[in-house]
Amino acid sequence: MAVSAFTDRLAAAMDASDSLICVGLDPQPQRTPADEILDFNTRVIEATAGLVCAYKPQSAFYEVGGDVGWQALRDTIAAVRQLAPDAIVILDAKRNDIGNTAEAYAASAFEWFDADAVTINPYLGGDAVAPFLQRADRGAFALCRTSNPGAADLQSLAMANGEPLYLGVAEQAREWGAAHHGNLGLVVGATWPDELEQVRARCPEMPILLPGIGAQGGDLEASVAAGVDAAGGGLLVSASRSVIYAGDAEEIRAEASRLRAAANAAKSIRESW
């Protein structure tokens, strides 16, 4: 059977779970030692399986654990495959570099770790983004308007046409994706719903990864209304610490369920407009 395109796989994951929610598997070193990561993540995955469409391990929290952490990252992705087979895995590593270095980063993410997608830095341009888009069944999410307070330092700089740089990134990414398999998405923070709405207007069909819900204080309802595509999908609402440290397995599942319901309610409001 032919392998589905990445965007088809993403849509199927959303349909299977009836969810826009992506759980960030971000074990904090001061709370979860490297040798406990796999057990910790397994508990989270078991508690949230079927309620979420994706999992997003942040590479930094595994790298800091050295060899044990790196192995835990690989084993965590394998655990998602076993316990939540309908979900996709996004490796949040914000990789990129020139030429064959980008090719090595892509091979590492997709072949060694077996991620379905990886976050990337678009700053180096199209030739550096291309290696992440060569596999039709895998995807990438390019940083566009990030959720941190200092995002405006560069991302809001005015271009020659007077528009902010993040809109230029969005339009360029749309062209890069169209030139390959349509498997490039964008990262836009939930802390900027107005900017998210602008990006969605420029890129109506691109998937958007939305970090910043939960501990970072992003507005879930406003972000979903601003960010879903015309079909009510195309948006991955990522929550990390607020879910994985919600408490015991029952409390973790309850928080994931609450987020799913809230996102679906906001989506329904948007669809009724």
Side-chain angles (χ1 to χ4, degrees), residues 6-7 10 22 24 54 56 58-60 90-99 101-103 105-106 109 115-135 138-213 216 218-219 222-224 226-230 233-238:
F6 171 71
T7 50
L10 175 58
C22 168
K56 181 176 70 65
Q58 165 52 260
S59 179
I90 302 168
L91 178 60
D92 192 358
K94 300 176 178 69
R95 299 291 192 230
N96 220 334
D97 209 321
I98 61 172
T101 310
E103 292 175 2
Y105 274 140
D116 298 300
V118 61
T119 57
I120 61 172
N121 186 335
Y123 187 75
L124 286 83
D127 61 324
V129 169
F132 297 93
L133 306 179
Q134 299 302 316
R135 300 160 177 82
R138 308 293 167 124
F141 289 87
L143 300 176
C144 181
R145 186 72 166 99
T146 57
S147 58
N148 58 304
D153 291 349
L154 296 177
Q155 295 164 23
S156 291
L157 289 177
M159 299 185 294
N161 64 3
E163 292 189 332
L165 179 60
Y166 66 84
L167 286 181
V169 170
E171 292 190 349
Q172 185 64 73
R174 184 183 64 202
E175 295 181 14
W176 290 334
H180 291 86
H181 301 285
N183 52 345
L184 180 59
L186 296 166
V187 179
V188 182
T191 46
W192 314 108
D194 292 340
E195 287 88 340
L196 172 61
E197 187 171 21
Q198 294 172 357
V199 171
R200 174 53 79 199
R202 298 293 177 92
C203 304
E205 297 180 355
M206 291 182 72
I208 293 176
L209 175 62
L210 184 82
I213 294 296
Q216 294 185 60
D219 187 324
S223 295
V224 170
V228 290
D229 61 22
L235 186 71
L236 287 151
V237 180
S238 181

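None of these values were measured; they are calculated from a predicted model. Positions are given from 1, in the same order as the sequence printed here.
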Is it the case that atom CG in Leu157 sees more than 12 heavy atoms from other parts of the structure closer than 6.0 Å? yes
The criterion is side chain to side chain donor-acceptor pair (under 3.5 Å); which residues satisfy it with Asp116, sequence neighbours excluded? Arg9, Arg81
With Ala93 via side-chain contact (heavy atoms from CB on, under 4.5 Å) - residues at least two apart: Ser59, Leu91, Arg95, Val118
Of all heavy-atom pairs linking Val224 and Leu235, the shortest is CA-CD2, 3.7 Å
Residue pairs, two or more places apart or on separate chains, that pass salt bridge (Lys or Arg N to Asp or Glu O under 4.0 Å) and touch residues 147-160: none
Verify, without hydrogens or angle tests, whether Arg138 (side chain) and Ala115 (backbone) share a donor-acceptor contact under 3.5 angstrom. yes
Between OG on residue Ser223 and CD on residue Glu197, distance to nearest 0.5 Å: 10.5 Å
Can you check side chain to side chain contact (heavy atoms under 4.5 Å, CB included) on Leu209 and Ser238, steps first, answer last? CA-CA 7 Å; Leu209 175 62; Ser238 181; 4.3 Å; yes
Going by salt bridge (Lys or Arg N to Asp or Glu O under 4.0 Å), name the pairs with one or both residues in residues 178-193, residues two or more places apart or in two chains. none
Show the nearest heavy-atom pair for residues Leu184 and Gly177, with the distance to one decimal. CB-CA, 3.9 Å
Ile208 CD1 to Arg145 CZ distance, which is reported to the nearest 0.5 Å: 13.5 Å
To check you understand the geometry: which heavy-atom pair defines the closest contact between Ala102 and Asn96, and what is its length? CB-OD1, 3.6 Å
Which pairs pass salt bridge (Lys or Arg N to Asp or Glu O under 4.0 Å) with one or both residues in residues 177-190, sequence neighbours excluded? none
Side chain to side chain donor-acceptor pair (under 3.5 Å) pairs, two or more places apart, involving residues 118-130: Asp92-Thr119
Residues passing the salt bridge (charged side-chain N to carboxylate O under 4.0 Å, His left out) test with Arg135, sequence neighbours excluded, are Glu111
Has Ser147 got a side-chain atom pairing as donor or acceptor with Thr191's backbone, closer than 3.5 angstrom? no
Those residues at least two apart in sequence (or on a different chain) that pass side-chain contact (heavy atoms from CB on, under 4.5 Å) with His180 are Ala130, Leu133, Gln134, Asn183
Under 4.5 Å between any side-chain heavy atoms of Val188 and Tyr166, yes or no? no
Give the minimum heavy-atom separation between Ala170 and Val199, together with the two atoms involved. CB-CG1, 4.1 Å
Least distance between heavy atoms, Val169 atom then Cys144 atom: CG1-CA, 4.2 Å
Those residues at least two apart in sequence (or on a different chain) that pass side-chain contact (heavy atoms from CB on, under 4.5 Å) with Ala54 are Cys22, Ile88, Leu236
Using only atom types and a distance under 3.5 Å, with no angle test, would you say the side chain of Asp229 pairs donor to acceptor with the backbone of Gly233? yes
Shortest non-hydrogen contact between Pro193 and Ala190, atoms and distance: CD-O, 3.6 Å
For Thr146, which residues count as a side chain to side chain donor-acceptor pair (under 3.5 Å) partner, sequence neighbours excluded? Asn148, Gln155
Applying salt bridge (charged side-chain N to carboxylate O under 4.0 Å, His left out), name anything that partners Glu163, two or more places apart in sequence or on another chain. Arg202
Kindly write out the residues that satisfy side-chain contact (heavy atoms from CB on, under 4.5 Å) with Ala178, not counting sequence neighbours, or none if the list is empty. none
